[in-house]
J.: 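Provided herewith is a single structure, encoded as structure tokens, for subsequent inquiry.
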Amino acid sequence: MNSNSIIETINSLFGNLFSSIDSTIYSALDNITFIDTDILNSYYFEKIFGTTTSNGFLLIANSLLLGFVLYYGLTYLLSSLGVLQDNVQKPSQFFFKVLLGGLLMNSSLFICEELIFINSLLSQAIRTLGHELLGGDICFSELINQANAIIFLENFSNNIFSIDGILKIIFSFSFFNIIFSYSVRYIMIKVFILISPFAFLSLSTPSTSIFFKCWLKSFIALLFIELLASIILIVMFSITYNSQDITSKLLLIGSLFALIKSNSYVREFIGGINTEISDSMYMLRTFMK
């Protein structure tokens with residue numbers, strides 16, 4: 001087998017791989033990035049969360065609420081008898097906080113749903129504005145169509161070792177990074193919804209209220225990534241690409257890295273948790289050493 005046959009085989013293999021990626025991965029990326037209240041429409045998720053105060057996570061949270069009341073009653077009694085020297089908050093203040101925390105706790109699913117709905121509306125408004133201004137859908141599926149039609153053309157399928165072929169490899173594998181990172185975000189949003197009753201419950205006592213602040217900051221940050229991704233996509237679509245201009249192709253690759261690092265940008269701006277695959281793998285390797 002001569003070198004030309006080897007190159008043709010490699011080109012064919014990569015061409016089939018890229019074709020498969022283009023037809024499957026990008027529509028999935030739209031679904032996990034631009035979320036709405038449908039994320040809550042799962043029978044098993046509702047069962048885990050709890051449909052009433054007597055099952056699921058809501059049952060555990062309400063049990064803890066009762067535990068807070070019993071603990072306060074014991075500490076207040078011991079303080080009144082002089083056994084404890086610590087200052088205990090007044091019963092009126094405590095029961096007001098417990099009542100407020102209990103109401104918010106049992107309404108936590110509704111509150112999370114409304115936050116997701118508002119974030120979805122803002123994201124949709126940004127992408128609709130982009131559609132009106134630029135005349136195309138602001139989504140990942142449309143992005144790959146334009147990238148293949150305008151930038152990469154068919155050069156990568158003829159020679160994977162050309163500049164366009166190398167850029168196509170970077171482009172496709174960057175999208176793999178993005179879809180894994182945004183998949184982690186999708187899962188973590190569900191996790192934060194599940195623990196939301198405990199976050200609202202933590203408002204009942206001053207010593208645990210810090211948990212609510214951390215939860216709220218992280219949950220808002222996870223949602224905000226969608227807004228930043230929508231803005232980055234608008235910027236990507238606003239660039240005039242030319243198949244003969246290497247600068248525009250490099251700008252496209254740079255925009256992909258901006259999407260990959262969007263979680264880092266949000267964490268630097270408002271805080272939150274890390275969902276980047278590369279950083280997570282590095283932390284895992286460090287832990288295993």
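The figures that follow rest on heavy atoms only: side chains count, while hydrogens, waters and symmetry mates do not.
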J.: Would you compute the distance between atom CG of Leu222 and atom CD1 of Ile116 and round it to the nearest 0.5 angstrom?
T.: 10.0 Å
J.: Are Leu122 and Phe117 connected, step by step, through hydrophobic side chains (Ile, Leu, Val, Met, Phe, Trp, Tyr) whose heavy atoms are closer than 4.5 Å?
T.: no
J.: State, to 0.1 Å, how close Leu29 and Ile179 come at their nearest heavy-atom pair, and which atoms those are.
T.: CD1-CA, 3.7 Å
J.: Would you say the side chain of Ile35 lies within less than 4.5 Å of the side chain of Arg185, judging by non-hydrogen atoms?
T.: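 Yes, side chains in contact.
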J.: Which label fits Tyr72 and Phe95: parallel for a plane angle under 30°, tilted from 30 to 60°, or perpendicular past 60°?
T.: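 Plane angle over 60°, so perpendicular.
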J.: Looking at SG of Cys139 and CZ of Phe237, how far apart are the two atoms once the value is rounded to the nearest 0.5 Å?
T.: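 These two atoms lie 6.0 Å from each other.
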J.: If hydrophobic clusters are built from ILVMFWY residues whose side chains come within less than 4.5 Å, do Ile195 and Ile111 share one?
T.: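 Hydrophobic grouping puts Ile195 with Ile111.
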J.: Identify the heavy atoms of Leu228 and Tyr265 that sit nearest to each other, and give their distance.
T.: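 Looking at all heavy atoms of both residues, the shortest contact is CD2-CB, 4.1 Å.
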J.: Using a cut-off of 6.0 Å, state whether more than 12 heavy atoms not belonging to Lys217 lie near its atom NZ.
T.: no
J.: Just how far is it from atom CD of Glu132 to atom OG1 of Thr128, taken to the nearest 0.5 Å?
T.: 7.5 Å
J.: To the closest 0.5 Å, what do you measure between CZ (Phe110) and CG (Leu115)?
T.: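 Output value for this atom pair is 10.0 Å.
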J.: Keeping the roles fixed (side chain from Asp137, backbone from Glu142), state whether a donor-acceptor pair exists under 3.5 Å.
T.: no
J.: Transitively linked via ILVMFWY side-chain contacts under 4.5 Å: Leu59 with Val98?
T.: no
J.: Is it true that Trp215 and Phe211 have ring centroids separated by less than 6.0 Å?
T.: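 Judged by ring-centre distance (under 6.0 Å), Trp215 and Phe211 do not meet the cut-off.
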J.: Excluding sequence neighbours, so at least two apart, what forms side chain to side chain donor-acceptor pair (under 3.5 Å) with Ser123?
T.: Arg127, Glu226, Ser230
J.: Tell me who clusters with Leu99, hydrophobic residues only, linked when side chains sit under 4.5 Å apart either directly or through other members.
T.: Leu103
J.: Taking it one step at a time, do Val184 and Phe180 satisfy side chain to side chain contact (heavy atoms under 4.5 Å, CB included)?
T.: CA-CA 6 Å; Val184 173; Phe180 287 135; 5.8 Å; no
J.: State, with a plain yes or no, whether a side-chain heavy atom of Ile193 is found less than 4.5 Å away from one of Phe219.
T.: yes
J.: Could you tell me which non-hydrogen atom of Leu65 sits nearest to which non-hydrogen atom of Ser204, and how far apart they are?
T.: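 Shortest heavy-atom contact: CD1-OG, 4.1 Å.
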J.: Is a side-chain donor or acceptor of Ser262 paired with a backbone partner of Ile225 at a separation under 3.5 angstrom?
T.: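 A pair under 3.5 Å: no.
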J.: Test question: given the 4.5 Å side-chain rule for I, L, V, M, F, W and Y, name all other residues clustered with Leu70, or answer none.
T.: Leu66
J.: How far apart are the C-alpha atoms of Ser196 and Leu109, what are their side-chain angles, what is the distance that settles it, and do they pass the side chain to side chain contact (heavy atoms under 4.5 Å, CB included) test?
T.: CA-CA 8 Å; Ser196 62; Leu109 184 62; 6.0 Å; no
J.: Classify the angle between the aromatic ring planes of Tyr182 and Phe140 as parallel (below 30°), tilted (30 to 60°) or perpendicular (above 60°).
T.: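 The arrangement is perpendicular - the two ring planes meet at more than 60°.
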J.: Tell me, with the steps shown, if Leu203 and Leu100 meet side chain to side chain contact (heavy atoms under 4.5 Å, CB included).
T.: CA-CA 8 Å; Leu203 291 171; Leu100 178 61; 5.9 Å; no
J.: For Thr51 and Asn55, which I'm curious about, is there any donor-acceptor pair between the side chains at under 3.5 Å?
T.: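 Side chains of Thr51 and Asn55: pair found under 3.5 Å.
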J.: Atom CD of Gln124 and atom CD1 of Ile138: how far apart are they, to the nearest 0.5 Å?
T.: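 CD1 of Ile138 is found 11.0 Å from CD of Gln124.
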J.: Counting only heavy atoms from other residues, nucleotides and ligands, does the tally under 6.0 Å from CZ of Phe269 exceed 12?
T.: no
J.: Is a donor on one side and an acceptor on the other found under 3.5 Å between the side chain of Thr208 and the backbone of Ser202?
T.: yes
J.: Mind listing the closest non-hydrogen atom pair of Ile32 and Ser183 along with its distance?
T.: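 For Ile32 versus Ser183, the nearest heavy atoms are CD1-OG, 3.3 Å.
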J.: Do the side chains of Phe200 and Tyr71 join up, straight or via other hydrophobic residues, at under 4.5 Å, putting them in one cluster?
T.: no
J.: Between the main-chain N or O of Ile178 and the side-chain N or O of Ser181, is there a donor-acceptor pair closer than 3.5 Å?
T.: no
J.: To the nearest 0.5 Å, what is the distance between CD1 (Ile231) and CD1 (Ile126)?
T.: 4.5 Å
J.: Are Asn31 and Tyr186 close enough, and set up right, to give a side chain to side chain contact (heavy atoms under 4.5 Å, CB included), and what steps lead you there?
T.: CA-CA 10 Å; Asn31 293 334; Tyr186 185 93; over 6 Å; no
J.: Please find the pair of heavy atoms, one from Met105 and one from Leu58, that lie closest to each other, and give the distance.
T.: O-CD2, 3.8 Å
J.: Using the rule that two of Ile, Leu, Val, Met, Phe, Trp, Tyr join whenever any of their side-chain heavy atoms come within less than 4.5 Å, decide whether Leu129 and Leu121 are in one cluster.
T.: no
J.: If every non-hydrogen atom of Met236 is compared with every non-hydrogen atom of Leu252, which pair is closest and at what distance?
T.: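 Heavy-atom minimum between the residues: CE-CD1, 3.5 Å.
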J.: Is the ring centre of Phe49 less than 6.0 Å from the ring centre of Phe57?
T.: no
J.: If we ignore hydrogens and angles and just use 3.5 Å, is the side chain of Ser255 paired with the main-chain N or O of Leu251 as donor and acceptor?
T.: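 Yes; judged by distance alone, with no hydrogens or angles, the pair exists.
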